[in-house]
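In what follows, a structure is listed as structure tokens, so that the remarks can point back to it.
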Amino acid sequence: MNLNVVVLLLLLLISSATCCPPSDRRALLAFRSALHEPYLGIFNSWTGQDCCHNWYGISCDSLTHRVADINLRGESEDPIFERAHRTGYMTGHISASICELTRLSAITIADWKGISGEIPKCITRLPFLRTLDLIGNQISGGIPYDIGRLNRLAVLNVADNRISGSIPKSLTNLSSLMHLDLRNNLISGVIPSDVGRLKMLSRALLSGNRITGRIPESLTNIYRLADVDLSGNQLYGTIPPSLGRMSVLATLNLDGNKISGEIPQTLMTSSVMNLNLSRNLLQGKIPEGFGPRSYFTVLDLSYNNLKGPIPRSISGASFIGHLDLSHNHLCGRIPVGSPFDHLEAASFMFNDCLCGKPLRACLKN
């Protein structure tokens, strides 16, 4: 055989061994055809036979040469955005052809503002998927009911879309899930009662939806949970006292719900540093029991039905940065000293009969 022919065949073999398979290339081109990006030209690089090299936002596995990562962000510091002096905008929908990329481990199609349609139901058949990030679009429909099949999924972020329906029960099967962000959608129904099965979860961000029901007690079984934001929903019932016994919980935001009952004393000496219970139906007194373990960057109890005096033990907290007790039915003398010496009147306004600095002076007996 002619030496030149042998060399050519070898080059072809090497090239085919390091290129993405034709099936992956076809799937990507079908995915692209369902989208329209008019300003940046991010798809202009999607040419040639090898989608593993120099295709914008596409990465391949170094061993299999299969497409492993789609990373398309509409807000980025990439030079293509800097040259255009603008963020991205894209319309269209996410084609089901993305499911033909069976080795995908990460799908990020974020902050494009105009992408609509639904999450392809077939996405739950991608066995290696670890990240699904679709934040900042106009995606509608529900979260696929069998999302729990993705047993490697660590990040599920569909915030700032128009997702509706309820949280699928199968979601609690996601044993590897660490980050759950469903904020600012149209999600209704209840938080699954067995949410405590998500043992790896560190962030649960569900604010700005239409979620109802009670805060599940099992939530407090997730020992890695550091941030919980359930604000701006329609939750009712009481606050589980066991929330205050969680070892790493640092942020608890329940603002803007219909939560009633008394504030658990456990929250006053917990690991929570950012505690927002405002705009609820909380009753009773602010618990005593503040002490050296009480460290709050934010403590917001405003817009409730709290009564009685401000507890004197609050002066024993090691730190309180921002305190808001306004719009309640509190009465009595505002304690002196830290943290009250740096607070403004707005922190205490619209109560029944609070007095002392920074409000009016108390009447002498």
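This is a predicted model, so every value here is computed, not measured.
The residue from L205, I167, I211 that alone fulfils the side chain to side chain contact (heavy atoms under 4.5 Å, CB included) condition with L182 is I167.
Between the side chain of N276 and the backbone N or O of L252, no donor-acceptor pair lies under 3.5 Å. Judged purely by atom type and a 3.5 angstrom limit, N351 uses its side chain to pair as donor or acceptor with the backbone of L330. At distances below 3.5 Å, not a single donor-acceptor pair connects side-chain atoms of D78 with backbone N or O atoms of S76. Although no hydrogens or angles enter the test, the distance criterion places no donor-acceptor pair under 3.5 Å between the side chain of S302 and the main chain of L325. Checking side-chain atoms of D61 against main-chain N and O of L63 turns up a donor-acceptor pair under 3.5 Å. Between the side chain of S164 and the main chain of L186, no donor-acceptor pair closer than 3.5 Å is present. Checking side-chain atoms of S231 against main-chain N and O of N253 turns up no donor-acceptor pair under 3.5 Å. No donor-acceptor pair under 3.5 Å is formed between the side chain of N185 and the backbone N or O of N209. In this structure a side-chain-to-backbone donor-acceptor pair under 3.5 Å is present from E37 to I42. Formation of a donor-acceptor pair under 3.5 Å by the S313 side chain with backbone atoms of G289 is found in this model.
Side-chain contact between S315 and F290 is absent, with no heavy-atom pair separated by less than 4.5 Å. Under the 4.5 Å side-chain criterion, counting only non-hydrogen atoms from C-beta, Y39 is in contact with Y89. Taking 4.5 Å as the limit, every side-chain heavy atom of H93 sits out of range of all side-chain heavy atoms of I139. By the 4.5 Å heavy-atom criterion applied to side chains, L180 and L171 are counted as neighbours. The side-chain heavy atoms of Y303 and D324, taken from C-beta on, include no pair separated by under 4.5 Å. Using a 4.5 Å cut-off on side-chain heavy atoms (C-beta onward), T238 and I259 make no contact. Side-chain contact between L282 and L306 is present, with heavy atoms from C-beta onward closer than 4.5 Å. In this structure the side chain of N71 never reaches within 4.5 angstrom of the side chain of Y56, judged on heavy atoms.
For the pair G88 and K113, the tightest heavy-atom approach, listed with the atom from each and the gap, is O-NZ, 3.0 Å. Considering all non-hydrogen atoms of both residues, I119 and G142 come closest at CD1-O, 4.4 Å. The shortest heavy-atom contact between D352 and H329 is OD1-ND1, 3.1 Å.
When hydrophobic clusters are built by joining Ile, Leu, Val, Met, Phe, Trp and Tyr residues whose side-chain heavy atoms come closer than 4.5 Å, directly or via intermediates, I115 is grouped together with F81.
Put simply, CE on M268 and CD on E288 are 11.0 Å apart, with the number rounded to the nearest 0.5 Å. For the atom pair CZ (R333) and CZ (R312), the distance works out to 8.0 Å, reported to the nearest 0.5 Å. Distance check, rounded to the nearest 0.5 Å: OG1 of T172 to CG of L177 gives 10.5 Å.
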Checklist entry - Taking it one step at a time, do S242 and E217 satisfy side chain to side chain donor-acceptor pair (under 3.5 Å)? => result CA-CA 8 Å; S242 50; E217 186 78 32; 2.5 Å; yes

Please evaluate residues D24 and R66 with respect to the criterion salt bridge (Lys or Arg N to Asp or Glu O under 4.0 Å), reporting the C-alpha separation (whole Å), side-chain torsions for both, the decisive distance (0.1 Å), and the verdict. CA-CA 7 Å; D24 279 13; R66 298 289 308 278; 2.9 Å; yes

Fill in: Verdict with reasoning, K121 to D146, per salt bridge (Lys or Arg N to Asp or Glu O under 4.0 Å)
CA-CA 8 Å; K121 292 180 173 58; D146 57 346; over 6 Å; no

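The local environment of CZ in R130 is sparse, with at most 12 non-hydrogen atoms from other residues, nucleotides or ligands closer than 6.0 Å. Shown here is R86, whose CZ atom has more than 12 heavy atoms of other residues, nucleotides or ligands within 6.0 Å. Summarising the local packing, CG of N54 is surrounded by 12 or fewer heavy atoms from other residues, nucleotides or ligands at distances under 6.0 Å. For Y295, the OH atom is loosely surrounded, since the number of other residues' heavy atoms within 6.0 Å does not exceed 12.
The SG atoms of C51 and C19 are placed at least 2.5 angstrom from each other.
Below 30°, between 30° and 60°, or above 60°: for H327 and F350 the angle between ring planes is below 30°, a parallel geometry.
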